[in-house]
Every structure is written in C-alpha cells, then in structure tokens.
Amino acid sequence: MNPSLLVELFTEELPPKALQNLGETFGNLVSEELKKNGLLQPNSQTSCYASPRRLAVHITNVKDRAPDQPTEIKLLPVNIGLDTFGQATPPLLKKLNALGLSHIDIKDLTRYNDGKQEQLCYRHLAKGLSLPVALNAALQIAVEKLPIPKLMSYQRDHGNTVYFARPAHNLIALHGQNIVEVSVLGLNANRNTYGHRFLSNGLLSIDNADAYEVILEQQGKVIASFEKRRALICEQLQKAAQQDIVLAPDRLIEEVTALVEWPIVYSGSFAAEFLQVPQECLILTMQTNQKYFALTNPSGVMRNRFLLVSNIETQQPEQIIAGNERVLRARLSDAEFFFKQDCKQPLINRQQQLSQVVYHNQLGTQADRVARLGSLAKHLAKYLQLDPNIAKRAAELAKADLVSEMVGEFPELQGIMGMHYAAIDGETGDIPHAIEEHYHPRFSGDTLPKSTLGICLALADKLETLVGIYSIGLIPTGDRDPFALRRHALGIIRILIEKNLALNIIHLIRHARELFEPFQSVKNNDNAIFEFILDRLRSYLREQGFSNTEIAAVLSKRPYEFNKIIDHLKAVKAFAKLPEANALASANKRISNLLKKSEHQTTEIINHLLVEPAEKALATKLQNLLPKALSHFENNANTEALLLLATIKPEIDEFFNDVMVMVDVKEVRENRLSLLALLHKTMNNIADLAQLATN
C-alpha cells in the first residue's frame with residue numbers, strides 16, 4: 001500500500017450555506033485530477049472534510065509517481081511530412097518544433113495507415129507525473145472550479161492579489177509523513193494547522209496524513225467531517241429534547257453544522273405569554289434570525305423552550321444560555337408587536353392597500369390581481385360544487401396579508417398569517433384554511449390543498465399567474481424561471497390529476513386569459529401555454545414511472561382533461577407487455593398511414609360489400625368485440641378494453657395477408673377503409689398505439 005495523501009486549506013470563516021458543497025467539490029476535484037493522472041489505485045478512498053475554517057481531503061493509497069505511459073502523438077500525412085527523398089519537409093519540422101520534439105530523429109517516427117492515407121506519428125514512453133507536479137495542478141484546478149457564491153479579493157504579504165471565498169492562511173499537503181512541495185493561493189505547503197479558536201492552543205502539527213482527523217478532534221477540538229458533526233448535532237438535539245419533538249428542517253441542520261467546529265447543544269426558554277403569537281411566527285423567528293431549534297409536544301403544540309447549538313463547551317453554560325435567551329426575547333417581542341398591530345384591523349380592510357402595491361407593470365396592481373382571482377374562483381366554484389360567493393370572498397382575502405406587518409418582516413409567512421387573521425376575524429367555514437392552502441404545492445413533493453375551497457383558490461392562483469406572466473412574454477428559458485411558472489404548471493397538473501378533477505384545461509386557460517383583456521400587453525398564447533403545461537406533464541408522468549413511449553402514445557390524443565391520464569397510461573403499459581403488442585402497434589401504424597393518405601373518415605361498414613373471407617372475419621370479430629370494448633372504455637376499465645382488443649390480432653394479420661385495400665372498385669375500397677377506420681378509432685380510444693411500434 002502506498003501512503004495516504006492529506007490536503008487542507010485553512011481559511012477565515014467560509015460561507016455556511018455553501019460549506020458542505022465546497023468541501024465535497026474541493027475533495028472530489030483533487031481526487032479526480034490525481035486519478036486522471038494515474039496516481040490513485042483502484043481501491044483508493046477519498047474522504048472530504050469541511051468545517052467553518054477549513055476544506056480538506058484525505059485520499060488513501062496514493063502513488064508518489066504515476067507509471068510511464070505509452071504515448072502516440074499524431075503528426076502529418078507522410079506525403080506532406082516527407083519529401084521524395086524521405087527527408088523532413090518544412091511543415092513537419094515546424095510541427096515538431098511546436099510540440100517540443102525538434103530533437104527527434106526522423107527515423108524514430110512511425111508510419112501507420114488510418115484507412116485513408118499513410119500518416120506519421122511519434123510513439124514513445126511518456127514519463128509519469130510526480131505527485132508534487134500532479135497535485136499542484138490539481139489544486140489550481142480545484143480552487144478555480146469551486147462553486148463559490150461570491151469571490152473575495154485580498155493581498156498576500158508579497159503584494160499579489162488573491163481571489164477566493166475567504167482569505168486563506170495555511171496549506172497542508174502531506175504524503176504519509178512527508179510534506180509535498182506544492183503551493184496554491186500564494187501559500188506553500190507545510191504540516192501545521194490550527195484547532196478551535198477558543199478550545200485549543202497554538203499550532204497543531206500533523207505527523208502523518210492518516211492522523212489528521214484524530215489529532216484535530218483530540219487536540220484541536222475540531223470535528224473536521226461535516227457528516228460527523230451533523231450526526232452529532234442531531235443526536236444531541238434528540239437527547240436534549242427529552243419527550244418533546246425537535247423542529248429540525250434539513251436546511252437549518254446543515255447551516256448550523258457549517259457554523260460550529262465543536263457542537264454542543266444547550267437548552268433555553270422564553271416567557272410563556274409569547275405563545276399567544278401564532279407558533280409559525282415564533283418558529284420562523286427562531287430558525288431564521290437565531291438558528292435555534294423550536295420544540296413542540298407530541299401533539300404539535302409549541303413549548304416555551306428552545307435548543308441552541310453552541311461552538312463552546314463549558315461546565316457552566318449559564319451565561320451562554322442567558323445571553324441567547326436575552327436576544328431571543330427581543331426577537332419574539334418584535335414578532336408579538338407585529339402580530340398585535342396586524343390584529344387591530346380586519347383582514348378585509350387591508351384589501352384596499354393592495355391597490356398601492358404593483359403586481360407587474362404590465363398586469364396592474366395586487367388589487368387587480370385579486371379581482372381576477374375572485375372571478376376565476378367563482379368560475380371554478382361551479383364545477384367544484386362550491387358556493388361562488390364563498391369562493392369570491394376567500395379570493396378577496398387570499399392576498400390581503402401581503403400588506404401586513406408580519407408578512408412584511410417574514411415573507412415566508414404569506415398565507416399562514418392570512419389564515420390566522422381570517423380566523424380571528426371570524427371568517428366562516430374553510431375560508432381561513434383555504435387562504436393558507438392556496439399556495440400549495442409550494443415546492444416539489446409538497447402537499448396539495450385539503451379543502452375543496454383551498455383547491456379552488458390554488459387553481460385560480462396558479463392559473464392567473466401562469467397565464468398572465470406567460471402571455472406578456474416572460475417565458476422561462478433554460479434554468480431561468482423568475483416567476484416560477486414551471487412550478488405553477490406542475491401545481492395545476494398535480495391538483496387536476498391527484499384530486500381527480502374533470503376540468504378542461506384549455507377552457508380554464510382561455511377563461512383566465514380573458515380576464516386580462518383590459519391590459520393590451522397580454523397576447524393570446526393559449527395554445528403555447530397548453531404546450532408548456534404538457535411539457536411539465538411529461539416530466540411529471542416520467543417521475544410516476546411511465547416511459548417516454550407510453551407517455552407519447554397517450555398525450556398524442558391531446559387530452560384536455562388530465563384526471564384520467566394515469567389510468568390510460570396504466571392500460572397502455574399493460575397492453576405493451578403483451579406478446580401481440582408490437583405487431584398490433586405496427587398494424588395500427590400501417591392503418592394510420594392508409595387513412596391519412598386516403599383522407600378517409602367514415603366508420604360505417606356495409607356488410608354486403610365485404611367480399612374476402614379475411615375482411616368478413618375481421619368485421620365480424622370487431623363488431624362482436626365493439627360493444628364490450630366501448631363499455632369498458634366508458635367505465636374507465638381501460639386495461640380490460642385494450643386486453644380485449646388485443647385478441648383481434650389473428651384477424652388483423654389475416655386481413656393484411658389476404659386483402660388488398662386500395663382496389664379499383666370504389667365501393668369496395670371505401671368499405672375496407674371504413675372497416676380499418678372503425679378498428680383504428682376503437683383501438684386508439686385512449687392512446688395512439690402506433691407510438692408503441694418498434695419498427
């Protein structure tokens with residue numbers, strides 16, 4: 001086994017939200033470059049480290065020099081590189097000089113035929129890179145490619161300007177016990193590093209690359225591994241919570257992990273009277289401003305207790321806890337003040353203030369938007385068996401909390417605060433919950449609205465945004481989607497499918513667009529919006545496990561109601577597994593081409609014009625199957641319908657073997673086309689089966 005390699009870049013505090021990604025990227029880039037240059041073994045293992053003040057990587061079984069490699073350098077065709085006497089031409093000499101091979105004897109060049117003409121090349125054994133050379137290059141590449149949110153510039157002692165995430169102060173590069181002579185960011189490698197700012201003393205000397213993690217932890221009071229710190233924090237939080245539930249979202253755990261080197265969890269408390277404020281406000285205040293963890297009882301009711309992750313271990317944490325309690329008290333007092341101020345007027349009164357808030361300069365104010373939401377909600381209410389006046393009232397209140405003090409401080413609480421204020425105002429029925437639910441789903445995998453009124457508002461909100469923004473030309477491009485139109489389209493799709501709503505999407509788009517008629521900048525892009533939604537629908541269906549071919553077969557029917565699409569896809573998937581599927585799909589494709597070419601549309605069969613036994617057999621089988629198949633389709637038993645129709649394969653095969661469709665006798669030809677048209681229409685009731693053909 002070769003020795004392990006350790007590289008550590010010691011810096012000022014790195015950006016916490018990017019730390020984990022920076023650590024993994026730094027380590028993997030160094031490892032990939034060394035592997036590319038032949039310095040790693042197949043069993044070499046890479047471990048990435050990231051703490052607030054360091055990025056590091058440890059790689060096992062690293063060679064000190066890469067093996068020599070046979071190398072071939074292509075030069076020129078022989079007829080260009082050599083003259084008639086076999087001597088080097090000026091073009092060849094120029095080429096060799098440019099490649100640093102001017103010392104090469106022409107006799108050492110190799111000839112080979114590339115299939116077109118004879119070529120010259122230089123074959124030799126290239127000396128493998130040494131570890132210092134390869135590592136130095138790898139470090140430069142890693143530093144340049146790091147996904148740094150914002151570069152800082154600073155000067156080294158010699159005056160050169162350096163660009164990095166934060167000022168870098170030290171570089172370790174050890175191969176086993178030996179220092180690797182490399183440099184990066186104006187730093188030369190050594191074996192020293194620094195431990196915890198307060199819990200360790202002076203420099204730490206790393207004797208061996210394999211001792212790095214242990215020395216840092218035992219002597220430096222630094223847990224270098226991001227994942228190890230994260231796991232330790234989670235363990236301590238659960239222990240400190242006792243019988244309570246810790247509210248620990250991943251983003252908060254990761255940010256706190258990036259802020260501490262030696263995590264210690266302490267428990268604090270706050271005055272119980274703050275619990276009169278909606279707990280979402282208190283939780284967001286703790287998480288966003290202070291990076292604290294709120295606690296609830298098993299029923300979800302918030303405790304007047306919190307947990308904090310400190311970077312200081314002490315036997316007397318009272319001062320730390322008291323200081324954090326004091327800061328939190330001020331934050332919660334602000335939240336309480338905002339809440340009490342907001343409660344001084346009914347939510348509906350805030351609607352007037354929306355006329356002072358611009359929604360978009362081409363689409364009017366938030367008040368204009370609320371008017372459109374009200375109209376859409378009333379329209380949808382008719383199909384959802386809701387009272388249109390209740391739907392309109394909910395829409396009028398849905399955006400009122402945007403001008404509240406609390407949402408002004410915490411935009412993440414929009415909808416949530418509207419729900420609380422509506423309940424305090426005594427709004428009836430599902431109106432308060434619908435105000436909160438109308439933002440759902442807010443992200444991929446989020447829950448859908450539970451109440452029918454919430455579904456109504458959510459659809460109205462997403463349709464209004466999608467249609468309005470898209471119709472003024474603000475179409476998502478690449479990874480840019482500032483108005484989250486893709487998310488809105490996916491929300492509409494999920495609601496229609498997962499709530500089994502038989503609503504015509506093109507009618508909804510048209511109705512929404514008509515509400516923008518006062519704004520001349522809004523163009524009729526109904527079809528383009530429908531295609532945009534279909535594109536998101538394809539992605540959604542792929543995530544449900546359906547293939548591109550199956551999706552293409554179903555969506556080629558241009559369904560305007562999405563609620564039956566999953567059932568149709570399941571039927572197509574079951575059909576595609578049949579042994580007869582490909583032959584039937586190919587026959588279907590052939591029939592489609594015949595019908596398109598002849599422009600034949602009639603499906604009425606005249607029995608006395610059926611001449612050949614094969615066409616009689618096909619007509620009889622189809623007419624016998626038709627009532628039952630159509631009954632299956634009408635009752636959404638689509639799988640049963642397609643499996644039943646698959647039994648007609650022998651008659652289809654015999655028809656195409658024995659019957660000429662495009663005969664000269666017009667009546668016979670048209671009748672045969674009618675037979676095929678009826679077969680085509682029946683088999684393609686829910687999907688274009690020709691899409692399944694593999695030939």
Side-chain angles (χ1 to χ4, degrees), residues 527 530-531 534 537-538 541 546-560 564-565 567-606 609-610 612 614-623 625-626 629-630 632-633 638-639 641-695:
N527 290 330
F530 177 62
E531 291 296 335
L534 279 188
L537 178 59
R538 290 184 186 96
L541 295 173
F546 298 105
S547 70
N548 288 331
T549 303
E550 293 159 356
I551 294 168
V554 172
L555 295 192
S556 64
K557 301 295 289 183
R558 311 289 291 171
Y560 289 157
K564 296 179 181 178
I565 284 177
D567 286 338
H568 292 179
L569 280 163
K570 289 178 179 177
V572 170
K573 184 183 280 289
F575 174 82
K577 292 178 180 177
L578 295 174
E580 306 92 339
N582 189 52
L584 286 168
S586 298
N588 195 42
K589 190 174 183 180
R590 183 175 178 181
I591 294 170
S592 296
N593 292 334
L594 279 170
L595 295 174
K596 283 179 185 176
K597 194 176 294 184
S598 65
E599 298 183 355
H600 187 90
Q601 296 179 349
T602 305
T603 58
E604 184 178 351
I605 303 169
I606 302 172
L609 291 176
L610 298 171
E612 300 291 342
E615 64 180 324
K616 290 180 180 179
L618 178 59
T620 301
K621 184 70 172 282
L622 178 58
Q623 288 167 343
L625 293 179
L626 194 58
L630 292 178
H632 283 324
F633 282 131
N638 300 298
T639 301
L642 289 183
L643 296 181
L644 177 66
L645 291 170
T647 64
I648 206 169
K649 178 183 179 295
E651 287 76 12
I652 294 175
D653 291 343
E654 189 177 356
F655 178 89
F656 280 116
N657 285 333
D658 300 349
V659 178
M660 172 70 71
V661 177
M662 306 304 286
V663 293
D664 292 335
V665 182
K666 182 180 179 181
E667 293 83 358
V668 175
R669 181 177 69 246
E670 293 296 318
N671 197 52
R672 288 174 181 172
L673 287 170
S674 293
L675 172 59
L676 293 179
L678 180 60
L679 175 64
H680 186 268
K681 180 180 179 182
T682 306
M683 293 201 69
N684 291 279
N685 189 288
I686 62 167
D688 179 9
L689 299 183
Q691 300 279 347
L692 303 178
T694 57
N695 50 39

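All figures in this text were calculated on a predicted structure; none of them were measured in a lab.
From Leu675, atom CG reaches atom CG of Leu618 across 4.5 Å, with rounding to the nearest 0.5 Å. Here Leu594 contributes atom CG and Met662 contributes atom CE; the two are 6.5 Å apart, rounded to the nearest 0.5 Å. Distance check, rounded to the nearest 0.5 Å: CD1 of Ile591 to CG of Leu673 gives 10.5 Å. The structure places CD1 of Ile551 at 9.0 Å from NZ of Lys573, a figure rounded to the nearest 0.5 Å. Considering CG of Leu622 and CG of Leu678, their distance stands at 4.5 Å, rounded to 0.5 Å. Summarising the geometry, atom CG belonging to Leu625 is positioned 10.5 Å from atom CG belonging to Leu630; distances are rounded to the nearest 0.5 Å.
Counted within 6.0 Å of CG on Asn527, heavy atoms from surrounding residues, nucleotides or ligands total 12 or fewer; the atom is thus considered open. The environment of CD in Glu599 is sparse: at most 12 heavy-atom neighbours from other residues, nucleotides or ligands sit within 6.0 Å.
Looking at heavy atoms from C-beta onward, Leu642 lies in side-chain contact with Ile686 at the 4.5 angstrom threshold. The side-chain heavy atoms of Ile605 and Asn671, taken from C-beta on, include a pair separated by under 4.5 Å. Taking 4.5 Å as the limit, some side-chain heavy atom of Arg538 sits within range of a side-chain heavy atom of Leu534. Looking only at side-chain heavy atoms (C-beta outward), Phe633 and Leu645 come within less than 4.5 Å of each other. Within the 4.5 Å cutoff, the side chain of Arg672 has heavy atoms near those of the Val659 side chain.
Residues meeting the side chain to side chain contact (heavy atoms under 4.5 Å, CB included) test with Leu643, sequence neighbours left out: Leu578, Thr639. By the side chain to side chain contact (heavy atoms under 4.5 Å, CB included) test, Glu604 is found to be paired with Thr602, residues two or more places apart in sequence or in another chain being considered. Listed by chain and number, the residues in a salt bridge (Lys or Arg N to Asp or Glu O under 4.0 Å) with Lys681 amount to none (sequence neighbours excluded). Taking Lys649 as the reference, Glu580, Ala583, Leu584, Asp653 meet the side chain to side chain contact (heavy atoms under 4.5 Å, CB included) condition, with sequence neighbours excluded. Taking the ring pair (Phe, Tyr, Trp, His ring centres under 6.0 Å) definition, one finds that Phe656 meets it with nothing, sequence neighbours left out.
Scanning both residues, Ala693 and Lys589, for their nearest heavy atoms gives CB-CD, 4.4 Å. Looking at every heavy atom in both residues, His600 comes nearest to Ala677 through CD2-CB, 4.3 Å. When every heavy atom of Leu610 is checked against every heavy atom of Ala619, the shortest pair comes out as CD1-CB, 3.6 Å. Residues Val572 and Val554 share a closest heavy-atom pair of CG2-CG2, 3.9 Å. Of all heavy-atom pairs between Asn684 and Lys557, the closest is O-NZ, 2.8 Å. Residues Phe575 and Ala646 share a closest heavy-atom pair of CE1-CB, 4.1 Å.
For residues 661-671, no pair satisfies salt bridge (charged side-chain N to carboxylate O under 4.0 Å, His left out), with sequence neighbours left out.
Taking 4.0 Å as the cut-off between side-chain N and carboxylate O, Glu550 and Lys570 do not count as a salt-bridged pair.
Without hydrogens or angle criteria, Lys621 side chain to Thr647 main chain gives a donor-acceptor distance under 3.5 Å. At distances below 3.5 Å, not a single donor-acceptor pair connects side-chain atoms of Asn588 with backbone N or O atoms of His680.
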